[in-house]
Structures are given as C-alpha cells and as structure tokens.
Amino acid sequence: MGILRLREGQPCDLALSLSCGQAFRWEQRGEWWEGVVESEVWRLRQEGDRIEYAGPTARRVRDYLALDLDLPAIQAAVDRDPVIHAAIASCPGLRILRQDPWEILVSFICATNTHIPRIRQMIASLSRCFGERVPSPSGAWYSFPSPVALAVPCRETLEECRLGYRDRYIHGTAARIAGDPGLLPHLMALPLEEAREGLLSFPGVGPKAADCILLFGFHRYEAFPVDVWIRRIMHRHYLAPPPGMKAASEKEDRRIREFGREYFGEWAGYAQEYLFCARGELLGDAPGKGHRDGKSRE
DNA sequence: GACCAGGAGCCGC
DNA sequence: GCGGCTCATGGT
C-alpha cells in the first residue's frame, strides 16, 4: 500500500492504459482497478498525478506502467502528421504496459477473430479453471495459469473455457513451452526479425499476433501490429490500397506493417497503439466508445 | 438473425 | 507464393 507521484511532465492515464485492449485482466471496482500480475492481486487508482497502489511495491508499479520511459519524447518522435497528432492528443496519457511474455502469448492466441470483451472472458476463464487461487480481500482471484498447467494431458479439458478452435493452439503452445522453459527468454534475446520468426512457429501465432507479442510481451516498441482497425486507418489516412489488390490480405498487411515501421521509426508500436485507441474518431464515428464502421470502405 | 471480430491454418492452383 | 475457404463463439 502506498502512493507514488508522477514526475513532472510525465503523464500516465491509468484507466486508459489498463482498459485499451493491451491487457485483459483488469476490472474496475469503484474507483479502483483490480487485477492479477504475476500471481499477485494488485489494486490501483489514480487521482491527478498520484497513483495509489496496494499489493505490489512502488518499484513494480513503476516498471509495469513503464514510468521510466519519457512519454512526451516518444510522442514527439512519432508525431509526424495531423492524423497521428490527433490520435496522441485524444489519449495523451496512454502507456504501453510491461506485461508477462507468457501471458501475452496466450492472450493474443485467444485474440484472433474475436472482440476485446471476449478475449477478457477467455483469459478469465482460463485463469479460473487452470490458475491458482490467490487470496484477496475483495473476492476470488486466480493467477494466470503456467505453461505446465495449460499443457494438460487431454486438451478436451480446455473445452470448458469456450475458446472455440483456439483451444488446440493454446494446448500446443503450452506443451512446447512446458517442455522447454528457456524458449521464451531465448526468443526475447534475439534480434527483432528472428524473435518474430520464432513466435510464428507457435501454433495459432500468425503475423498479427506475433507483432502484438513483440510489442506488449517482449517490449519491442518498433513492432507495428496490423489488425482490421489499423488496416482501415492506414488505408484511409496513409496509404491507399493498391488498385486491384484485395484490401485484406497477408501481403497487404505486410506492406502496411513495413510502411508503419519505416514511417514512424523506432517507436512505431506506440504510434500503432495511439491509432488503435483513437480508431473511433479516425474512422469518422461519433466520438466516444462506439467503433461501428458505418459501411466505410477500407 | 445477419454480420463482425486486435486472424490463422490449410488446401489447391 | 497467392487466393479462397473454414474454423467456434458471442457481442452488437
């Protein structure tokens, strides 16, 4: 339990950062945010430049929120045009969290072809079924399950988590890491493209998931994940889809990713995250939470 | 009740 | 290597 103060000129929007779709285990209860980080229940709340915490140490909170990074400098580095400028302006305190690679790997295998609320459900369900109970004054929490716990002998036992076709991918990936615990740390130490290739070798991990894992789990900020929203935003504001080419294809997504990295530079992942979080307004929807695309073409 | 979602694997050409 | 199809599921 304690309070830390944000340094002058170093903003952090706790609620936005925890809820924008990079982490899936945080729940808002009153003015507190509660979640499990590395088998510990954390409670956080923010009031202006004060962040109150219960559970972790101040050092852990600062690391998780990446408060050591100079956010205004990062924003300045990617602020190259009016579009990204508006995106930054609409979520100025957004920070990319430093999360556990294993949890992120599983989370973004779950994230294929579904909505963010469903990802949250799947992760909660996996934790409840296969994690360990963590005592907390505010009710039952469960740790995120280990690779060994998810490499259960028969994957049919995963079915109760309602992962759909993803259960065999989770099972296969968990079995591989359970059998080689040094694999993720090894991949993290590799150059970006080699780490990416390594991630692509896991079942259920394709180009988009690999980039999300690099960005959110490996803390590689030049990764530029391309999902349906980023594809639409980039097509509308940055590079028109080539005539005759299908707007949604792996080849086209690769073109977008390479453009994004080149254009935004070493902090391209941050730029991607601002664009993603501002997707509603960038795609011309009513400002706020709605993300309906209103039949807009990609 | 369609349509869509922070896609990926597989198969045929 | 590229295009098309299929894959469970639930939110909107």
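Below, chain A is the first sequence line, B the second, and so on; all start at residue 1.
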(request) With C1' as the reference atom in both, quote the distance from B:dG9 to C:dG10 in angstrom, rounded to an integer. (result) 22 Å
(request) Determine the contact category for A:Val205: base if any of its heavy atoms lies under 4.0 Å from a base atom, sugar-phosphate if only primed atoms, P, OP1 or OP2 are that close, otherwise nothing. (result) sugar-phosphate
(request) Would you kindly give the CD1-to-P distance between A:Ile119 and B:dA5, to the nearest whole Å? (result) 12 Å
(request) Would you indicate which nucleotide in B:dA8, C:dG10, B:dA5 comes nearest to any side-chain atom of A:Thr114? (result) B:dA5
(request) Measure from the side chain of A:Arg118, starting at C-beta and using heavy atoms only, and say which of B:dA8, C:dG11, B:dA5 lies closest. (result) C:dG11
(request) Give a yes/no answer on whether the side chain of A:Arg162 brings an N or O atom under 4.0 Å of OP1 or OP2 in C:dT9. (result) yes
(request) Specify the separation, in whole Å, of atom CG of A:Asn113 and atom C1' of C:dT6. (result) 11 Å
(request) May I ask you to verify if any side-chain N or O of A:Gln121 is less than 4.0 angstrom from the OP1 or OP2 atom of C:dG11? (result) yes
(request) Check the surroundings of atom CD in A:Glu132: do more than 12 heavy atoms from other residues, nucleotides or ligands lie under 6.0 Å from it? (result) no
(message) Give me the distance, rounded to whole Å, that separates C:dA8 from B:dG1 when you measure between the P atoms they each carry.
(response) 22 Å
(request) May I have the distance from A:Arg279 (atom CZ) to B:dA5 (atom C1'), rounded to whole angstrom? (result) 11 Å
(request) Send over the distance from A:Glu252 CD to B:dG7 P, rounded to a whole Å. (result) 16 Å
(request) Could you tell me whether the side chain of A:Tyr165 has a donor or acceptor atom within less than 3.5 Å of a complementary atom in the base of B:dG7? (result) yes
(request) Between A:Phe202 and A:Cys20, just flag the one whose closest nucleotide in DNA chain B comes earlier from the 5' side. (result) A:Cys20
(message) Under 4.0 Å, counting only non-hydrogen atoms across every strand here, what does A:Glu159 touch: a base, just sugar-phosphate, or nothing?
(response) nothing
(message) Quick test of your reading of the model: are A:Asp211 and A:Arg257 salt-bridged, counting only N-O distances below 4.0 Å?
(response) yes
(message) Nearest to the side chain of A:Asp227, heavy atoms from C-beta on, is which of C:dA8, B:dA5, B:dG7?
(response) B:dG7
(request) Would you mind telling me which residue lines up with the more 5' stretch of DNA chain C, A:Tyr169 or A:Lys246, judged by nearest nucleotide? (result) A:Lys246
(request) Mind calculating the distance between CE (A:Met122) and P (C:dG11) to the nearest angstrom? (result) 11 Å
(message) Can you list everything that forms a side-chain hydrogen bond (donor to acceptor under 3.5 Å, both in side chains) with A:Trp102? Sequence neighbours excluded, please.
(response) none
(message) Can you list, by chain and residue number, the hydrophobic cluster partners of A:Trp141 when the side-chain cut-off is 4.5 Å?
(response) A:Val36, A:Val41, A:Val134
(message) Does C:dC2 have OP1 or OP2 under 4.0 Å away from a side-chain N or O of A:Arg254?
(response) yes
(message) If I pick the P atom on B:dG7 and the same atom on C:dT12, what distance separates them, to the nearest angstrom?
(response) 16 Å
(message) Can you work out whether A:Lys208 or A:Pro203 has the more 5'-proximal nearest nucleotide on DNA chain B?
(response) A:Lys208
(message) Looking only at the side chain of A:Lys251 (C-beta and beyond, no hydrogens), which of the listed nucleotides C:dG10, B:dA8, C:dC2 gets closest?
(response) C:dC2
(request) Could you tell me the separation between the CD atom of A:Glu250 and the P atom of C:dG1, rounded to a whole number of Å? (result) 11 Å
(message) From C-beta outward on A:Val228, which listed nucleotide comes closest to its side chain: B:dA5, C:dC7, C:dT9?
(response) B:dA5
(message) Once you apply a heavy-atom cut-off of 4.0 Å, does A:Gly204 come out as touching a base, just sugar-phosphate, or nothing?
(response) sugar-phosphate
(message) Can you classify the ring geometry of A:Phe259 versus A:Tyr238 as parallel (below 30°), tilted (30 to 60°) or perpendicular (above 60°)?
(response) tilted
(message) Please determine whether a side-chain nitrogen of the Lys or Arg among A:Arg255 and A:Glu252 lies less than 4.0 Å from a carboxylate oxygen of the Asp or Glu.
(response) yes
(message) Measure CD/A:Glu160 against P/C:dA8 and give the value in whole Å, please.
(response) 18 Å
(message) If you count every heavy atom of other residues, nucleotides or ligands that lies below 6.0 Å from A:Glu258 atom CD, does the total exceed 12?
(response) yes
(request) May I ask you to evaluate whether A:Arg232 reaches the phosphate of B:dA5, defined as a side-chain N or O under 4.0 Å from OP1 or OP2? (result) yes
(message) Without decimals, in angstroms, what is the distance between A:Phe276 CZ and B:dG7 C1'?
(response) 14 Å
